[in-house]
Each structure stands twice: as C-alpha cells, then as structure tokens.
Amino acid sequence: MVVGLLLAAGLYLVLARLGTRRLRFRGGDVLGDPDLAFDPAYAWSLVPDALNALTVTAFSAVTGFAFAAVLGLVLALGRRARSRLLSWPFAAFIEFVRSTPLLVQLFFLFFALPELGVTLSPMQTIVLGLGVHYATYCSEAYRAGINSVPKGQWEAATALSLSPAVTWMRVVLPQAIPNVLPALGNFLVAGFKDAPLGSAIQVTGVLFFANTTAGRDFRPVEPYLIIGLCFLLVSIPAAWLVRRLERRIGYERV
Amino acid sequence: MDDFLLTPGQYERLFAGFLMTVRILGASFALGIVLSLLVGVARLSQRPWVRGAALVFVEFARGISSIILLFVMAYAIPILFGVEQRNLLVLGSIALGINMGGYGAEIIRGAILAVPRGQTEASIALNLSETQRLRHVILPQALRVILPPMGNLTIEILKGTALVSLIGLGDLLAIANQMRQRVDTVVLFLNVLIAYFVLSQLINGLFRLAESRVDRRFESRAAGPDQADTLKAVT
Amino acid sequence: MATNVSDKGAAAVRMRGVRKAFGDNVVLDDLDLDVEPGERVVIIGPSGSGKTTILRVCMTLERPDDGTVQVGDRQLYHDERGGQLRPAGEKHIRSVRSDIGMVFQHFNLFPHMSALENIMLAPVKVHGRSKDEARERAMALLDKVGLAHAANQTPGQLSGGQKQRVAIARSLATEPAVMLFDEVTSALDPELVGEVLNVLRDIAEEGSTTMMLVTHEMGFASEVADRVVMFDQGRILESGPPSQVLRDPQEQRTKDFLGAVFEH
Amino acid sequence: MATNVSDKGAAAVRMRGVRKAFGDNVVLDDLDLDVEPGERVVIIGPSGSGKTTILRVCMTLERPDDGTVQVGDRQLYHDERGGQLRPAGEKHIRSVRSDIGMVFQHFNLFPHMSALENIMLAPVKVHGRSKDEARERAMALLDKVGLAHAANQTPGQLSGGQKQRVAIARSLATEPAVMLFDEVTSALDPELVGEVLNVLRDIAEEGSTTMMLVTHEMGFASEVADRVVMFDQGRILESGPPSQVLRDPQEQRTKDFLGAVFEH
Amino acid sequence: GGDDVTDDTPQVGGDEGTEDTTTDETTDGTDDGADDGATGETTAGGDLLAELQEAGVVRVGIADEEPYGYVDDDGNVTGQAPEVARRVLEELGIEEIDAQVVAFESLIAGLQAGQFDMITAGMYINPDRAQQILFSDPDYCVGEAFAVPEGNPQDISDLQSVADNPDVTLAILSGAVEEGYADTAGVPDDQIEFFSDVNAQYEALQAGRVDAVIGTTLTVLTQVEDMDGFEATESFFPLDEDGEEILGCGGYGFRNDDQEFRDAFNDELNRLQDEGELLPIITDFGFAEEDIERAQELTVEDLAG
Ligand SMILES: Nc1ncnc2c1ncn2[C@@H]1O[C@H](COP(=O)(O)OP(=O)(O)OP(=O)(O)O)[C@@H](O)[C@H]1O
Ligand SMILES: Nc1ncnc2c1ncn2[C@@H]1O[C@H](COP(=O)(O)OP(=O)(O)OP(=O)(O)O)[C@@H](O)[C@H]1O
Ligand SMILES: [Mg+2]
Ligand SMILES: [Mg+2]
C-alpha cells in the first residue's frame with residue numbers, strides 16, 4: 001500500500017516534470033514519400049514528438065482528475081447539505097456543468113475569465129476545466145457511494161457521540177470511497193480522452209502536436225493516426241484495469 | 001439583465017449555429033442508435049467472429065477519444081483512402097456516431113441480458129424467428145432499461161458536437177468563436193453555455209417522456225380494487 | 001397440423017436414445033419415449049430427475065447431446081435425406097417446432113403486451129394470420145379460459161392464476177399438435193391452482209391435442225392421464241395407466257416418491 | 001459524569017409527555033418514564049409498540065415531536081436558560097448525549113476497523129484520551145467480553161456473538177451513565193445468545209451503570225431487571241418488579257403477550 | 001511532390017445528384033444563405049472550373065484573420081482575399097463564395113482533403129507550400145510587425161531584438177511563416193508560444209500571457225486598432241539564412257489537380273491587376289499602394305523557388 005503510493009507519487013513527479021514543458025514541434029526528421037499515403041519511415045520519425053506531447057496530455061488529465069476527485073467530494077457534501085438554501089446551488093451548478101460542453105467551458109475559462117481579471121495559462125485552464133467538469137461527475141459517484149453506507153453506521157456514530165467531522169472522516173468516507181473507486185477510474189480514463197481538447201487553448205498536447213506537424217509537413221495522415229494509436233494503447237488497457245478493479249471490489253463487497 | 005443579452009443580430013447568427021448543432025446532433029444520434037443496436041446485438045451473437053468483431057468495434061470506439069477520431073476522420077481518412085470527403089457534416093456525424101455506438105452498444109447489450117431468460121424461451125416456444133424475438137419481445141422490454149442511460153449518452157453526444165467547431169464546421173461554438181473578438185466574451189459564452197444547457201434539458205425531458213410512455217405499457221398496479229373484483233368474478 | 005400427424009398413424013413424439021448432460025451431470029441418459037397422437041402423458045418423479053429437461057428438449061430449448069426426437073412424421077433435430085439423418089439447420093427446426101407448444105411454470109407472459117396481444121402475437125407474426133382473424137380466435141380462447149373480460153389488461157394487472165390461463169390460451173392459439181406443460185400450477189398460490197387445473201381438464205377432454213404434463217398434482221394426474229411415466233435419474237423407472245403406477249407401483253423408488261408426495 | 005447525575009439525586013433519565021408520530025402513526029403517545037441512577041429497566045411489549053422508538057429518542061436518533069427528556073440533571077433536547085426551556089442546538093445535544101451509549105440489534109460495528117480500533121475511536125476522538133491510554137482500556141474491555149485474542153480482527157472475521165460483544169465493549173469505552181440495549185441478541189443464532197447475555201449480566205452486576213434494555217429473553221429479564229415496563233401502543237401498560245409484571249401481570253394484554261412469548 | 005491521392009478516384013465524379021444537399025450542409029452558416037447551388041464533385045483534371053461555373057458557387061477556406069479573410073460583425077465573409085477572389089471569380093462566371101473557417105495550419109490539409117476548393121486567406125507563397133499546392137500569382141507583398149503594449153516596454157523592433165531579450169514571450173501563429181523567421185533569427189523555443197487561432201494571439205497579448213505578437217504588418221495594424229493600450233511596431237522584413245530580406249507575398253491556393261482552374265483564375269487576376277481594378281478593393285482593407293505594386297512585378301515562380 002505504502003509502496004504503491006510512493007510509486008504513484010514518484011511516477012507523478014516524473015510526469016509533472018515531463019508534462020509541464022512547453023513543447024515545440026518541428027515536424028518529421030525525414031520527408032514523407034509523396035507516393036505513399038502512409039509512410040512508415042516518416043511516421044516513425046514523429047514518434048518522439050508524439051510521446052512528448054502525450055506526457056503533456058497525460059499530465060493535464062491526471063492533474064485535472066486529482067482536482068476533480070477532491071472538488072467532487074466537496075460538491076457531493078454540499079449537495080447533501082440539509083439546508084435547501086445551501087444544497088440547491090450545488091445541485092444547480094452540478095447539473096449545469098454536466099450538461100454543457102467541456103470545450104465551451106474551456107473557452108469561457110480561457111477567453112472570458114481574463115475580462116473578469118483572472119488570467120490562466122493554457123495548462124492551468126485545461127486542468128481547471130477538466131477538474132471542474134469531472135468534479136460534477138465524481139460528485140454523483142460520491143453521492144451514490146455515501147448513500148451506500150448503511151444507516152446503522154451513522155447511528156452508531158451518533159451513539160458514540162462522534163462529531164460530524166470524525167463521523168465523515170473516520171466512519172463514512174472510508175467505507176464510501178472504496179465503492180466509488182471504479183467509477184472514479186472510469187472518469188480518469190474519460191478525462192484522459194477529453195484532455196486533447198486543451199489543443200484548442202494552446203496546450204501543447206497530442207492534438208496540438210498533430211495539428212502543428214500536419215500543418216508543417218503537409219502530411220496529416222501520419223500524425224493523426226499516430227495519436228489515435230497512442231490513445232488506444234493507453235485507454236484500452238486503462239479501461240481494462242478499471243474493469244478488473246470493479247470486479248475485485250464488487251467481489252470483496254459480497 | 002440587459003447586461004447579459006446580445007443584440008438581436010448576434011442572436012440571429014448564433015441561432016444559425018445552433019441549428020447546425022442540432023443537425024449534427026440529429027445525424028450522429030441516428031447513426032449512433034443504429035450502430036448501438038447492430039453492435040449491441042452482435043455482441044451477443046452465437047457466432048464467435050461476429051462477437052469478436054463487435055467487441056473490437058466497442059473497444060475501438062470507446063478507447064479512442066472522440067476529438068481525435070474527429071480529426072482522423074476529417075484529415076487522415078480522406079487522404080488515406082482517397083475518398084474526397086467534402087461533407088464535413090457527414091464526417092463529424094460519423095465520428096460522433098461511432099463514439100456513441102461504442103457506448104450505446106454496451107447499454108443495449110446489458111439491457112438485453114437483463115430481460116429474463118423465460119421471455120426468450122417463451123418466444124421460442126411460440127416459434128418466433130430470431131429477429132421477431134428481438135423485435136417484438138426482447139427489445140421492447142429492454143427499452144425500459146435502455147432509455148435512462150441512453151438519455152445521458154445523448155447529452156454526452158450533444159456536448160461532443162461542440163468539437164466539430166475545431167474541424168471547421170459552423171456550429172454554435174464556431175459562430176461564437178468568430179464573434180468572440182467583437183463581443184463581450186463573458187456574456188457571449190454565458191449565452192452559449194445556456195443554449196447548450198437548454199438543449200440538454202430538452203433532451204432530458206424527451207427521454208423522460210419516452211420512459212413514462214414505455215412504463216405505461218407495463219402498467220403493473222398492485223392489486224387495485226377493480227382487480228379484486230375481477231378475481232371474485234372468476235373464482 | 002394435428003391431422004398431419006395422425007394421418008400416418010405415427011407416434012406424436014418418438015424419442016430414441018436421447019442423452020443430455022450438463023457438465024458431468026448426466027440428466028437424460030439414453031432415453032426412449034413414445035407418445036401416441038392424442039395421448040395424455042403425465043410425467044412424475046423426484047426433483048432433479050430430468051422431467052423439465054425432457055420437455056425442454058422437445059421444445060428445442062435444450063439441444064440433446066445424442067439421440068433423435070421425432071415429432072409426427074418428421075425428425076426435430078435432423079434432416080432425413082436419402083435415408084440418412086443429418087443435423088438439421090435452424091430453418092428445419094423452426095418448421096418442425098411449429099407443431100409443439102409449451103406452457104411454463106412461471107408463465108413467461110410478455111409483460112409489455114396485453115393478454116390479447118400476447119395471444120395474437122404468434123398467429124399474426126409466425127403463421128401469417130390476419131389481425132382480425134387472430135383477434136377473433138384469441139377472444140374465443142380467452143373466453144374458453146374464462147378471461148374474456150381481461151383481454152386488455154397487461155400481465156402486471158393479473159393474478160398468478162389468470163396469468164397462467166392466459167399463457168395456456170397463448171400456446172393454444174397456434175394449434176400445436178403436441179402441448180407440453182411443466183408444473184404449470186406450482187408457482188401459484190394454493191387457492192388459484194383450481195382455476196388452472198379446470199382449464200387443463202377442459203383441454204384434455206376435447207381430446208385432440210397430445211399432451212405431456214409434468215405435475216405434482218396426483219389427483220389431477222390420475223384423473224386426466226392416459227399414462228403416467230415415473231422418472232428417476234434421467235431414466236424411465238416405470239410407465240403405465242394411472243391406476244397402475246399411482247395406485248399400485250412396482251418399484252420401491254416409486255412407492256417412496258408417492259409416499260412423500262401424498263404425505264405432503 | 002455518572003457521578004454528576006447521582007450528585008443531585010436526580011433520575012438518570014426522566015421523560016415527560018414524550019410524543020412521536022411517523023405520519024399518522026402515533027408511536028409514542030404522551031409518555032412519562034423515570035429511570036433511577038443505576039437502575040436496570042427492561043422494556044417488553046408486542047412488536048410495533050414503540051420499544052425501539054423510545055430508546056432511539058433517548059439516543060437522539062429520533063427527535064420527539066413533543067415533550068422533554070432529561071438525562072442526569074440536564075435537558076437533552078432543550079436549553080434551560082432563566083427557567084425557560086428552549087429547543088437546544090446541535091452542540092448542546094452532543095454534550096448531553098455523551099452521557100448515553102447504545103448497543104444495536106445489528107451491532108453496527110465499523111467494518112473497516114479492527115475490533116480494537118472500533119473501541120478506541122470514540123475515547124480518542126471524542127474524549128481526547130491519548131492513544132496509549134485508550135488502547136489499554138480497550139484491551140481491558142475486550143478481555144472483559146472474552147475477546148482479547150480478537151483485538152486485531154475486523155468485524156467481517158467475527159461471529160455474530162463476537163461482533164455483539166465487541167459492540168458492547170465499544171459503547172462501554174466512553175463510560176456512559178446510561179446504556180441502552182435494543183434486542184441485542186435477537187439477530188444472533190440461538191447458540192450465540194448465551195455468550196452475549198453473560199456479558200450483559202456481568203455489566204449489570206457491577207451495578208453502577210443505568211441500563212434500559214429491550215429484550216424478548218424473559219428469563220434473562222427476570223434475572224437482571226430491577227423493573228420491567230410493559231409497553232403497548234406507545235404507552236406504558238404496566239410497570240413493576242419482574243416478580244410482579246412477569247409472574248403476576250395485572251393487565252389482560254400483558255398476560256396475552258407473555259403467554260405468546262413463553263409458548264414460543 | 002505533385003501527385004495527389006485524389007488521382008485514383010475518377011469514378012466519384014458522376015453522382016452529382018447526391019451532392020445537392022451537401023453544399024448546404026457544409027456551410028458554416030456564416031454567409032447569409034449564399035449556398036443554394038450544388039458544386040458537384042471535384043475530380044482529377046480540369047473539369048472543376050466547369051463544374052463550379054455550372055453551380056455558380058465555390059467553397060473557399062479562410063482562417064478568420066483580419067484583414068485577409070474573416071467573418072465580419074454581421075457574419076459575412078470578407079477581407080482582402082475573399083473580396084479579390086469574388087471579383088476575379090465573377091469574371092469566370094462564378095457568382096458566389098461559400099467560406100469555411102478552419103485553423104490556419106489546417107488550410108492546406110483542408111484543401112487537399114477536398115473540404116473546399118481554394119484558399120482565400122492571403123496565404124504567403126513559399127517553396128514549402130508550393131510543393132503541396134498550386135498558388136496564383138501574388139496580389140500583395142507586406143513586411144512583418146509586432147503588436148506590443150503601448151510604449152513598447154521591451155523595446156522590440158525585429159526578431160533579433162526578441163532573441164536578445166530572454167524576458168520576451170512571443171506569440172506565433174502555428175503553421176505560419178513567422179515560425180521559420182523566428183528560427184532563423186535564433187529565437188529560443190521557450191520564448192515562443194504557439195497559437196492555432198489568430199485572434200487568440202491578440203487575446204493572449206491583452207491578457208498578458210505573451211509580450212508580443214508577430215504578424216504581417218497589416219494584421220498587426222488592424223488588430224491593435226481595436227485594442228486599447230497596444231501599438232504596432234515599425235514594419236520590417238525578416239532575414240533569411242543568407243541575410244537577405246524576405247518578402248511576404250500572398251496569393252490564392254489550389255489543389256495540384258486543378259491546374260486549369262488555377263490558370264484561369266491567374267489570368268483574370270493578372271488582367272484585373274493590370275487594369276488597376278483590384279487596387280481599390282485591396283486598399284479598402286488598409287493596404288498601401290506600394291504593397292500591391294510590389295506584388296505586381298512578381299509571379300508565383302519567383303516565390304515558389
Ligand atoms: N441449464 C442447466 N445447467 C446446468 N444444470 C442444469 C441445467 N438445467 C438443469 N440442470 C440440472 O439438471 C438436473 C435435472 O433438472 P430438471 O430441471 O430437468 O429436473 P426436474 O425433474 O424438472 O426437477 P424439479 O422437480 O425440481 O423441477 C438437475 O440436477 C439440474 O440441476
Ligand atoms: N423511521 C420510521 N418511519 C416510519 N415509521 C416508523 C419508523 N420507525 C418506526 N416506525 C413505526 O413505529 C412503530 C413502532 O416501531 P418500533 O420499532 O418502536 O416498535 P418495537 O416495539 O421496537 O417493535 P419490534 O418489537 O418489532 O422491534 C411501528 O409501527 C413502526 O412501523
Ligand atoms: Mg422441473
Ligand atoms: Mg424494536
């Protein structure tokens with residue numbers, strides 16, 4: 001467990017180091033053969049750039065997701081608030097963010113917020129955008145998880161006179177969160193697939209790489225196919241892992 | 001209040017984009033539903049190769065990001081296969097429809113599996129053909145399970161339509177971006193967000209309506225007074 | 001179609017060497033069984049002895065591992081070409097299957113259709129009847145099972161006994177030559193069993209339909225059965241008129257079984 | 001805090017005019033009940049008579065619609081300021097509540113913590129004990145309930161009787177003045193009931209803790225109770241020492257109830 | 001490399017009927033309903049021009065960059081390039097243009113993929129691009145300039161001054177020629193921020209995300225006009241590896257297969273240029289007469305290398 005956490009933290013630090021670079025894409029080292037619709041040699045020469053861009057995309061996805069996981073909990077708690085005056089705005093916010101496109105939200109954060117005096121860098125924008133967007137999804141998952149904690153647990157906490165903070169931190173959440181993990185895993189994968197949207201606000205991730213390279217070398221086939229492949233190679237195993245987690249947790253719950 | 005409004009002319013432009021958004025949504029939804037049904041049923045086929053092909057489609061459609069699929073469709077596929085694809089609306093809808101099909105197929109598969117086995121057996125005993133079984137017995141019952149997640153999926157696809165602005169289609173977001181320089185961006189994007197919100201609530205409402213209509217088919221009121229009467233009348 | 005079967009004077013159902021195993025569990029073991037046209041055979045036996053399985057094999061809900069099933073003058077699972085038996089395709093099976101009907105323990109009515117629609121579905125979709133014709137016949141059947149007033153109710157609005165009577169009407173609607181009944185009263189509250197047995201009795205009395213019934217209602221069995229077949233561990237232990245098998249069984253196993261049933 | 005209560009010579013629990021309804025269903029109806037410090041009161045009565053509800057009201061798991069509940073010398077649901085009673089805030093309720101403990105029918109142990117952690121949680125988090133002190137006391141309690149060896153097992157690894165004994169230890173750990181027990185043996189397999197009753201008997205014998213027990217174990221009740229209270233339809237039907245209420249009840253309802261319980 | 005993959009698909013030419021609705025659908029709704037006709041399929045050889053003449057509509061690609069090709073307040077497509085193209089196409093008997101807005105870097109890919117039939121974005125003619133597509137002769141040549149905060153606090157005058165000042169972050173349009181200019185001048189990577197959207201560059205400048213935007217003198221002048229607190233630097237000509245000044249001259253892009261269309265367009269363009277017809281159209285968008293005169297002496301061969 002501790003080893004796992006340390007490993008994850010280490011990986012994240014590496015990712016943070018690689019993924020926050022401002023990348024510059026100079027196209028392939030070799031010229032594509034005009035007679036080939038797909039030139040493997042040219043494609044191969046793009047791989048280093050594509051991998052670098054992938055670290056940027058992955059970093060924005062992971063960081064955005066971490067943010068979503070925390071903010072989602074806050075939203076879930078806010079929505080559960082006993083006072084309707086408090087819970088209604090949370091519910092409305094969640095519904096609104098969930099039913100509007102992430103891309104529009106990104107444009108809003110990137111282009112409209114400066115008019116309100118908040119200027120975010122592209123990376124900050126995509127992290128915040130992914131974070132808030134997926135926080136609303138996470139909040140629904142947390143809500144289901146919290147509701148799945150039996151009523152008797154709350155009553156036992158009352159009978160022991162535990163304070164609300166202790167009840168949440170020590171009794172309810174430790175039971176709710178394992179049930180929520182598979183859902184969170186799915187959202188991480190989904191967030192990863194949305195992370196290329198950062199390209200629209202100049203985040204130098206995979207899609208930015210493909211657009212720039214295609215515009216520079218005038219060969220769109222290779223870069224777009226490469227990033228498509230990158231995505232399949234990352235997200236299919238990831239989804240598979242999440243499904244395994246789902247089965248394992250489902251099994252333990254029995 | 002006026003501070004949050006645009007000029008009528010600007011609304012007119014946005015409305016043209018909004019119509020385009022609705023068209024793309026309609027086209028991708030239609031394709032998505034067809035793919036969901038075909039692939040969802042194929043996932044349960046007795047022929048291993050059909051099942052395998054369907055699984056590959058599902059993993060592909062769900063594994064690749066819809067935005068990347070969109071760019072692949074718009075820029076790589078036409079050149080790679082020499083199909084001169086001038087119709088971006090079709091391209092965009094295919095990309096989004098494939099995306100929807102991947103998720104929808106799993107919804108349909110799950111819903112079909114949720115229909116009790118006895119229903120299939122009864123329809124075999126009545127000698128219905130495989131398609132008749134699906135058409136008259138299984139799918140109508142699966143529909144109850146299908147509708148709620150399908151509604152959510154449709155809203156996801158609505159959100160996905162915003163991506164087509166990046167490949168040069170003039171949807172709501174694309175028009176907003178063209179107006180961005182000359183309009184207060186806060187007001188502009190708030191208006192756009194609200195338009196999407198309204199549309200998604202509309203979709204939500206339509207699906208709720210469909211759900212209640214389907215539920216009415218199953219009407220299973222617990223022993224009401226009229227039923228008690230009929231019971232007596234019979235025995 | 002019933003005429004088709006008796007034309008030739010063949011058995012309504014003729015099973016030869018039927019074998020069915022689930023994994024290691026051999027449920028039907030080299031089974032031979034003949035049912036004459038119009039005969040009413042009641043199958044009894046302890047739980048797990050394979051009674052349901054034999055009906056499901058006749059209904060093509062389970063494919064036997066080995067052996068043949070003949071329905072009327074045609075093989076169910078095989079094509080006869082040039083005297084040779086070959087495994088038949090789905091099309092052949094469907095064509096033979098239309099001579100068989102089955103009523104299930106748990107009714108398996110279609111919950112999204114009214115009673116009437118449940119009954120009309122197969123005649124319209126499978127046998128190509130016109131809607132009007134099918135409706136008329138369905139109403140006649142509903143009347144026969146005493147449910148004409150419930151034609152437009154969905155299964156959710158019916159009691160268990162009513163559901164089962166609709167299910168019986170539904171399988172009668174296609175006029176199968178052979179009808180299979182698998183413990184059709186055992187999912188019912190005791191006070192509803194009578195109404196279903198009455199309907200079965202009516203059908204039996206009309207006499208033209210071949211019936212195979214699995215039931216634990218021994219009184220009913222001795223009343224309607226031409227023959228009682230006692231199953232045990234996938235084999236026929238004994239077989240004969242009810243007066244013999246139920247009153248004066250030869251086998252100890254049968255005696256024990258009947259003792260246990262009647263005690264209850 | 002227990003001393004606090006007896007200091008004043010006040011009742012450990014004093015209910016006045018307590019009313020609780022769920023919708024139209026009036027479950028507690030203008031109820032008065034006094035429990036003396038150190039007294040052991042057993043509450044009996046038919047299902048649905050409000051036994052659980054009265055304990056839940058004491059534990060603040062249900063808020064009464066009307067009436068007052070005094071625990072020791074303080075009002076549970078009200079602030080007394082200037083002789084006036086006003087509905088109290090969450091903070092006040094929490095402070096009074098720490099004098100009460102409850103053991104549930106279904107244990108409600110925290111499944112993600114070991115037995116030891118379950119017991120230590122409240123002393124450390126609520127009463128600010130040091131971890132070492134809390135652990136020592138928790139081990140002593142586990143020893144008392146005969147489960148010292150199971151300290152590090154999680155509830156999933158314990159039998160029902162063991163779970164309930166851990167739950168009892170857990171609620172004793174904060175040394176509440178009043179302990180509530182709601183049918184703590186009725187979710188257990190019969191062969192496990194004894195071990196839990198033994199633990200309860202030990203606690204009762206120590207004598208310092210005020211106890212309110214709902215139970216259907218009449219033998220146990222007559223053994224440990226100072227007083228038996230018979231509930232019916234949200235009211236106290238009769239009340240007195242076990243020798244009187246259990247052996248020689250005055251009310252017909254009580255006789256019927258006891259008859260039914262003993263027959264079973 | 002002139003071979004375009006579309007060579008292999010002559011058979012798609014026939015079914016014009018199916019395309020009737022599609023033109024309609026590919027419009028971005030920006031031009032006020034000018035899409036009533038069908039353009040038919042584009043195929044190998046020179047029948048594109050005939051088809052376009054038949055349909056009366058041509059689809060063009062723009063990058064939404066003022067003043068070259070953009071969508072105005074009312075949603076109409078305008079700018080130097082679309083307006084000139086309109087005039088020239090009119091001579092060819094094509095009455096309407098139907099524009100699609102795409103990222104600048106996707107213009108060539110869009111043209112090649114058949115999403116539109118010509119580029120009217122004032123795209124500079126250079127050897128790299130000329131390998132991919134056909135260009136018309138240029139109709140303007142301008143220098144480069146920077147948009148900077150008023151008073152030019154970082155004292156930026158040319159790319160060398162950017163390279164020499166590590167504090168300056170420069171916005172460059174992804175896929176545009178300025179990237180190469182900056183490389184030649186030795187501007188380090190971490191001083192460059194790439195954008196795929198012209199307007200976003202200036203919004204970034206306003207938001208303080210970058211210190212300067214480089215663009216053609218015209219673009220910069222047009223943009224800073226609408227912005228408070230920003231100005232344009234003096235126009236300059238960037239240097240190539242040999243220290244020679246580079247002229248930035250824009251023209252119209254065509255697919256390699258559409259040589260006949262390009263030639264016809266080019267002939268009319270040159271004729272109108274000679275007759276001085278284009279001058280008023282172009283100067284309307286802020287160009288100086290000398291910008292146009294410089295282009296008059298040049299042909300595409302001079303620029304395409
Ligand atoms: N689909 C199946 N998969 C595995 N085993 C099965 C299946 N269907 C039936 N069996 C097994 O076959 C045996 C016979 O089952 P069958 O239902 O025919 O018995 P039955 O005589 O109808 O018993 P009952 O009186 O309980 O209905 C049982 O041991 C049963 O567990
Ligand atoms: N949360 C609730 N909502 C609605 N009704 C409730 C609730 N809790 C209890 N009741 C009702 O209050 C009545 C008294 O319930 P209570 O649990 O106090 O009875 P009891 O005497 O403990 O019975 P038992 O011996 O069955 O445990 C019952 O009719 C019950 O249905
Ligand atoms: Mg059976
Ligand atoms: Mg109770």
Side-chain angles (χ1 to χ4, degrees), chain A residues 20-27 31-39 42 49 52-53 56 106-125 196-205 207-224, chain E residues 1-9 63 102-113 115 123 126-133 169-177 179-180 182-183 187-197 199-210 253 256:
Chain A
T20 48
R21 289 174 299 172
R22 188 185 288 159
L23 295 175
R24 171 98 190 261
F25 305 110
R26 296 172 184 284
L31 279 183
D33 180 347
D35 290 337
L36 292 175
F38 182 90
D39 180 348
Y42 170 69
D49 269 356
N52 277 326
V56 173
L106 290 177
F107 281 131
F108 183 84
L109 294 176
F110 197 67
F111 294 119
L113 278 194
E115 286 188 20
L116 303 174
V118 184
T119 301
L120 301 172
S121 74
M123 184 51 95
Q124 286 166 340
T125 307
L197 286 183
S199 164
I201 49 164
Q202 336 303 337
V203 177
T204 58
L207 190 57
F208 197 85
F209 148 78
N211 287 339
T212 315
T213 306
R216 176 186 262 278
D217 291 348
F218 311 107
R219 288 190 69 95
V221 173
E222 289 87 354
Y224 288 115
Chain E
D3 296 49
D4 208 316
V5 267
T6 47
D7 270 1
D8 328 295
T9 58
V102 299
F104 186 82
E105 64 206 3
S106 299
L107 280 170
I108 290 179
L111 177 71
Q112 287 175 331
Q115 286 165 19
M123 183 182 266
N126 69 20
D128 281 352
R129 288 172 183 162
Q131 282 207 327
Q132 299 297 322
I133 57 174
T169 308
L170 179 64
I172 289 183
L173 184 64
S174 176
V177 288
E179 184 180 354
D183 279 348
V187 179
D189 282 3
D190 61 1
Q191 280 181 251
I192 302 175
E193 189 90 63
F194 285 98
F195 290 80
S196 52
D197 170 344
N199 299 326
Q201 297 183 98
Y202 293 90
E203 285 162 305
L205 179 65
Q206 277 176 306
R209 289 187 182 107
V210 296
N256 285 336

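Protein chains get the first letters and strands the later ones, always in sequence-line order, with residue 1 at the start of each.
Put simply, OG1 on A/T119 and CD on E/E203 are 11.5 Å apart, with the number rounded to the nearest 0.5 Å. Atom CZ in A/F208 sits 6.5 Å away from atom CD in E/E105 (nearest 0.5 Å). Separating the CG atom in E/D197 from the CZ atom in A/F107 is a distance of 7.5 Å, to the nearest 0.5 Å. The distance from the CD atom of E/E179 to the CZ atom of A/R26 is 7.5 Å, given to the nearest 0.5 Å. Of the inter-residue distances, the one linking E/D183 atom CG with A/R24 atom CZ reads 4.0 Å to the nearest 0.5 angstrom.
With chain E as partner, the option from A/T213, A/I201, A/L120 having the largest number of non-hydrogen pairs under 4.5 angstrom is A/L120. Heavy-atom pairs under 4.5 Å with chain E were tallied for A/P122, A/P220, A/A214, A/G215; the largest tally goes to A/G215. The candidate with the highest count of non-hydrogen atom pairs below 4.5 Å against chain A, out of E/A109, E/G208, E/G175, E/S196, is E/S196.
Residues E/Q131 and A/L31 are not in side-chain contact: their nearest non-hydrogen atoms beyond the backbone lie 4.5 Å or more apart. Side chains of E/I133 and A/F218 form no contact here, defined as non-hydrogen atoms less than 4.5 Å apart. No side-chain heavy atom of A/Q202 sits less than 4.5 Å from a side-chain heavy atom of E/R209.
Only the backbone of A/S199 comes within contact range of chain E, with at least one heavy atom under 4.5 Å from a heavy atom of that chain. The contact between E/S174 and chain A is made entirely by side chain atoms (from C-beta outward), counting heavy-atom distances below 4.5 Å. Residue A/D33 does not touch chain E at all, counting heavy-atom pairs closer than 4.5 Å.
When all heavy atoms of A/P114 and E/A207 are compared, the closest pair comes out as CB-CB, 4.0 Å.
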